[in-house]
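One structure is given here, and the rest of the page talks about it.
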Amino acid sequence: MATLHLLSRSPFVDLSGASCLRLLGAGDGLLLTGDAVYALQADSRPFAVLSALPADRPLFALAEDLEARGIAAPDFVQAIDYAEFVELTLRFERVNSWL
Amino acid sequence: MKFALALFAPPHAPSSRRALRFAEAALAGGHEIVRVFFYQDSVQLASSLTVSAQDELDLPAAWRTFVQEHRLDGVVCIAAALRRGVLNGEEAQRYGRAGHNLDAPWELSGLGQLHEAAQEADRLICFGGD
């Protein structure tokens, strides 16, 4: 069953992202919000891990959170707005928030 | 589609603002919000005594206005609220407290309301963290 995972904590201070990646299966999606977008900081370890994910695990990031932190979305991540966020939650069978 | 939203973080957490932006986008997209459930530290959003700095977003007021304008079911977990000093008139009287800080549109109720909303909605979206 395809699940959309929501992350909101920085990978540099919290292990929820690492736990999430262990559960992320084929067809599952990952949406980075809030400080979780720091995982897309270029040349960082989280960036390397995310960029190496198979293509059947689509990656998304909330555009306003990227902009607020001065991070550009790399080509393997789709930046989305809130309207797209809403529609994204309906594309997957369930949504799991890592609080 | 039907959404149920649950909040977990305090008013100053970015996720509490994100939840409001998501809720606005859901309604703008033609979807329905069956209930917004405020749990754990997010119950502070329903306090009428919170004062925000003038140059900051007043998120408790923004949530109140949003729930009122769209006539949503805004439910605040009663156990989480009481332990954090968020009381309506009835609870203030029950426990002999001098005042209360929770009024309409907010409703104090139990965790069963979150469970029910999750059953009724197509998606339950939880907001917490940073």
Side-chain angles (χ1 to χ4, degrees), chain A residues 1-21 23 28-41 46 60-71 79-99, chain B residues 1-43 56-57 59 62-63 66 70 72 77 80 111 114-115 117-130:
Chain A
M1 218 175 165
T3 302
L4 175 67
H5 292 268
L6 296 188
L7 288 174
S8 66
R9 297 191 191 272
S10 166
F12 301 103
V13 293
D14 184 89
L15 292 175
S16 60
S19 302
C20 171
L21 287 179
L23 292 176
D28 289 346
L30 178 57
L31 170 59
L32 304 174
T33 67
D35 282 350
V37 303
Y38 280 124
L40 300 176
Q41 193 101 281
F60 307 88
L62 207 52
E64 72 163 19
D65 289 328
L66 287 170
E67 286 162 23
R69 291 162 183 80
I71 297 172
I80 62 170
D81 61 17
Y82 278 95
E84 291 166 318
F85 182 2
V86 171
E87 296 311 313
L88 191 63
T89 63
L90 298 171
R91 263 175 50 193
F92 292 83
E93 285 155 291
R94 62 172 83 162
V95 180
N96 183 42
S97 299
W98 294 74
L99 297 176
Chain B
M1 299 292 266
K2 292 180 178 177
F3 283 97
L5 305 185
L7 280 72
F8 293 76
H12 54 266
S15 63
S16 297
R17 174 187 168 279
R18 198 177 309 128
L20 179 60
R21 294 288 172 259
F22 182 93
E24 290 167 346
L27 293 187
H31 302 292
E32 185 188 339
I33 296 175
V34 296
R35 181 167 294 147
V36 186
F37 191 85
F38 296 82
Y39 193 37
Q40 296 180 358
D41 284 342
S42 80
V43 300
E56 285 177 15
L57 171 67
L59 201 59
W63 263 112
F66 181 75
H70 298 284
L72 298 180
C77 174
L111 204 49
L114 173 59
H115 180 69
Q119 300 304 312
E120 201 183 323
D122 297 298
R123 294 290 182 281
L124 166 68
I125 315 292
C126 298
F127 291 90
D130 303 319

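Throughout, a chain's letter reflects where its sequence line sits, starting with A, and its residues are numbered from 1. Heavy-atom basis, side chains included; hydrogens, waters and symmetry copies ignored.
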Q.
Exactly one of B:Asp122, B:Ile125, B:Leu124 should register a side-chain contact (heavy atoms from CB on, under 4.5 Å) with A:Thr89. Which one does?
A. B:Ile125

Q. Is there side-chain contact between A:Ser10 and B:Asp130, with at least one heavy-atom pair below 4.5 Å?
A. no

Q.
Does any part of the side chain of B:His31, heavy atoms only, come nearer than 4.5 Å to the side chain of A:Glu87, both counted from C-beta?
A. yes

Checking [X] against chain A: side chain, backbone, both or neither under 4.5 Å from a heavy atom?
X: B:Phe8; answer: side chain
X: B:Arg21; answer: both
X: B:Ala28; answer: neither
X: B:Phe3; answer: side chain

Q: Please name the pair of heavy atoms, one in A:Leu99 and one in B:Cys126, separated by the smallest distance, quoted to 0.1 Å.
A: CD2-CB, 4.2 Å

Q | Heavy-atom pair of closest approach, residues A:Ser8 and B:Arg18 | A | CB-NH1, 3.7 Å

Using heavy-atom distances under 4.5 Å, tell me whether [X] contacts chain B through its side chain, its backbone, both, or neither.
X: A:Asp65; result: side chain
X: A:Leu7; result: neither
X: A:Glu84; result: neither
X: A:Leu4; result: neither
X: A:Thr33; result: both

Q | Main-chain N/O of A:Phe92 paired with B:Arg123 side-chain donor or acceptor, under 3.5 Å | A | yes

